Asks: 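If you scroll down you'll find the structure; I have some questions about it.
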Amino acid sequence: MTEILGIDVSTHNGKPDWAKVKADGVKFAMLRMGIGSDISSQDDKEFERNVRECDRLGIPWGAYLYSYALNVNDAKSEVEHAKRLLKGKKPTYPIAFDMEDADGYKKKNGMPSNSTLVDICETFLSSLEKEGYQVTLYASLSWLNNQLNSKKLDKYDKWVAQWGPKCTYNGEFSLWQYTSDGKVNGIEGRVDMNYSYKDFAAKFVSEIEKETKKEVKSKTEKVKTYQVTKQHNGYATASDAKSKKNKKTTVPKGKYYVFNESQGMINVTTKKVVPGSWINPSETTANAEYYVVKSGDNVTKIAKKYGTTVSVIKKLNPGIKNINLIYPKQKIRIK
């Protein structure tokens, strides 16, 4: 199993020299963004700087929020806290929900039942997952085996805190915090050390590439076509085509892809998504064609049938105020 070395830091670690941290072999960082409910005074004071530095140096990062929630309503405020701090940022590692009671706050204020603790975790994790983030649950081995041992949380990734030579958690996990007594160049004092067994950053980039390919494919598959029935003058801009000035070339009759439309003019091209020449459909007045509207017709249907566009038909029929309102036996110009 491949181990990717990382750290997790908060304001308690001061202002890391991230260039030195990276040079020392750290491959990712989990950054504390804040604690508890959505109150600005509870934002981690170093979070914004840590994010900027990791982005600048190309260090993959995720973030975590330490929970003080005692009920689901508290958890909902913690969701808003995380969303506010993550807005406009692009973490490539998970957003973690830190569920523990390190300072005894929960015990002092009425430790929630195990079922409530599970609901608190589920509320945060499901909400952030719906926002499109990768998520994980941080807890000690003891808490995962006891307070948080629920099928409701099985579907979420785990970040196990177990300090020692081996992680003995029996469930599935991708992150292991193996010590709180680490030493890394660029950070004064001790620092938490982690291993990741999943390359979250590579997965994130891969998903972006897939979505980009889908988007490009979708755009190229839906390119409209236009039938040029008579040789046209070709222009460099839509404005030139509209004014019929500064002719640059000629466009022979044939079937073309529509690259763009503007001011009633059409940019036709022989190659998908590559600009061609602008033409003015009204220049072919000698071969004007008309169509008599039949019952059930609409302009979109007529345009598709004759290899033209709604905007072109609208331009050819200036007397029709609303091109979408046509009626049977009405004579309209189509070319």
Side-chain angles (χ1 to χ4, degrees), residues 1 3 6 8 10 28 30-38 42 62-86 91 93-164 166-180 192 194-200 203-204 207:
M1 186 182 292
E3 292 180 331
D8 63 90
S10 70
F28 73 92
M30 297 295 287
L31 313 174
R32 192 179 76 167
M33 52 185 153
I35 60 174
S37 299
D38 189 13
Q42 296 185 162
Y64 69 96
L65 184 116
Y66 183 100
S67 176
Y68 278 104
L70 298 176
N71 52 58
V72 170
N73 282 334
D74 290 346
K76 289 178 180 178
S77 181
E78 293 183 342
V79 168
E80 295 306 312
H81 194 179
K83 286 167 61 176
R84 172 171 61 81
L85 291 171
L86 291 168
Y93 263 66
I95 303 306
F97 192 51
D98 184 348
M99 177 53 72
E100 55 181 302
D101 195 26
D103 58 2
Y105 173 86
K106 294 182 179 69
K107 185 177 181 180
K108 294 173 186 175
N109 291 275
M111 177 66 73
S113 65
N114 290 357
S115 61
T116 298
L117 289 171
V118 169
D119 288 342
I120 288 170
C121 293
E122 209 278 330
T123 296
F124 184 94
L125 295 169
S126 63
S127 297
L128 269 293
E129 192 171 55
K130 286 177 183 176
E131 294 294 319
Y133 298 106
Q134 302 177 90
V135 297
T136 190
L137 173 62
Y138 172 94
S140 68
L141 177 67
S142 176
W143 274 61
L144 289 172
N145 285 336
N146 295 284
Q147 291 94 325
L148 306 179
N149 187 3
S150 169
K151 289 183 179 180
K152 290 179 71 173
L153 299 177
D154 284 350
K155 61 184 175 180
Y156 298 110
D157 193 26
K158 305 297 189 302
W159 177 10
V160 184
Q162 183 182 7
W163 302 336
K166 184 179 180 181
C167 182
T168 60
Y169 180 58
N170 290 324
E172 293 186 9
F173 66 97
S174 295
L175 292 162
W176 171 33
Q177 185 187 77
Y178 64 89
T179 185
S180 64
D192 295 339
N194 301 268
Y195 284 124
S196 175
Y197 298 99
K198 181 189 294 185
D199 192 345
F200 289 98
K203 179 176 181 290
F204 180 83
E207 288 177 351

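Only a predicted model underlies this, so the values are computations on that prediction, with no experimental measurement involved.
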Asks: What is the distance from atom CG of Asp74 to atom CG of Asp38, rounded to the nearest 0.5 Å?
Replies: 12.5 Å
Asks: Taking the side chain as every heavy atom from C-beta outward, state whether Thr136 and Ser174 have any pair of such atoms under 4.5 Å apart.
Replies: no
Asks: Taking Asp8 for its side chain and Asn194 for its backbone only, find out whether a donor-acceptor pair lies under 3.5 Å.
Replies: no
Asks: Between Trp176 and Gln162 (side chain of the first, backbone of the second, donor and acceptor by atom type, cut-off under 3.5 Å), is there such a pair?
Replies: yes
Asks: Out of Lys158, Met99, Glu100, Met30, which one pairs with Tyr138 under the side chain to side chain contact (heavy atoms under 4.5 Å, CB included) rule?
Replies: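 Only one option passes, and that is Glu100.
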Asks: Give a yes or no answer on whether the side chain of Glu78 reaches the backbone of Ala69 with a donor-acceptor pair at less than 3.5 Å.
Replies: yes
Asks: With side chains defined as the heavy atoms from C-beta onward, is the minimum distance between Asp157 and Phe200 less than 4.5 Å?
Replies: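 Result yes, sub-4.5 Å side-chain heavy-atom pair found.
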Asks: Would a distance-only check, ignoring hydrogens and angles, find a side-chain to backbone donor-acceptor pair under 3.5 Å from Asp119 to Thr123?
Replies: no
Asks: For the residue pair Tyr66 and Tyr64, is the inter-centroid distance of their aromatic rings smaller than 6.0 Å?
Replies: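 No, they do not, as the ring centres are separated by 6.0 Å or more.
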Asks: I'd like to know if the side chain of Gln42 and the backbone of Ser37 have a donor-acceptor N/O pair within less than 3.5 Å.
Replies: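 Answer holds: yes.
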Asks: Please determine, by modelled atom types, if Ser113 and Ser115 share a side-chain donor-acceptor pair under 3.5 angstrom.
Replies: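 Looking only at side-chain atoms, Ser115 and Ser113 do form a donor-acceptor pair, the distance falling under 3.5 Å.
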Asks: Has Ser196 got a side-chain atom pairing as donor or acceptor with Leu175's backbone, closer than 3.5 angstrom?
Replies: no
Asks: Charged N to carboxylate O under 4.0 angstrom, Asp103 versus Lys108?
Replies: no
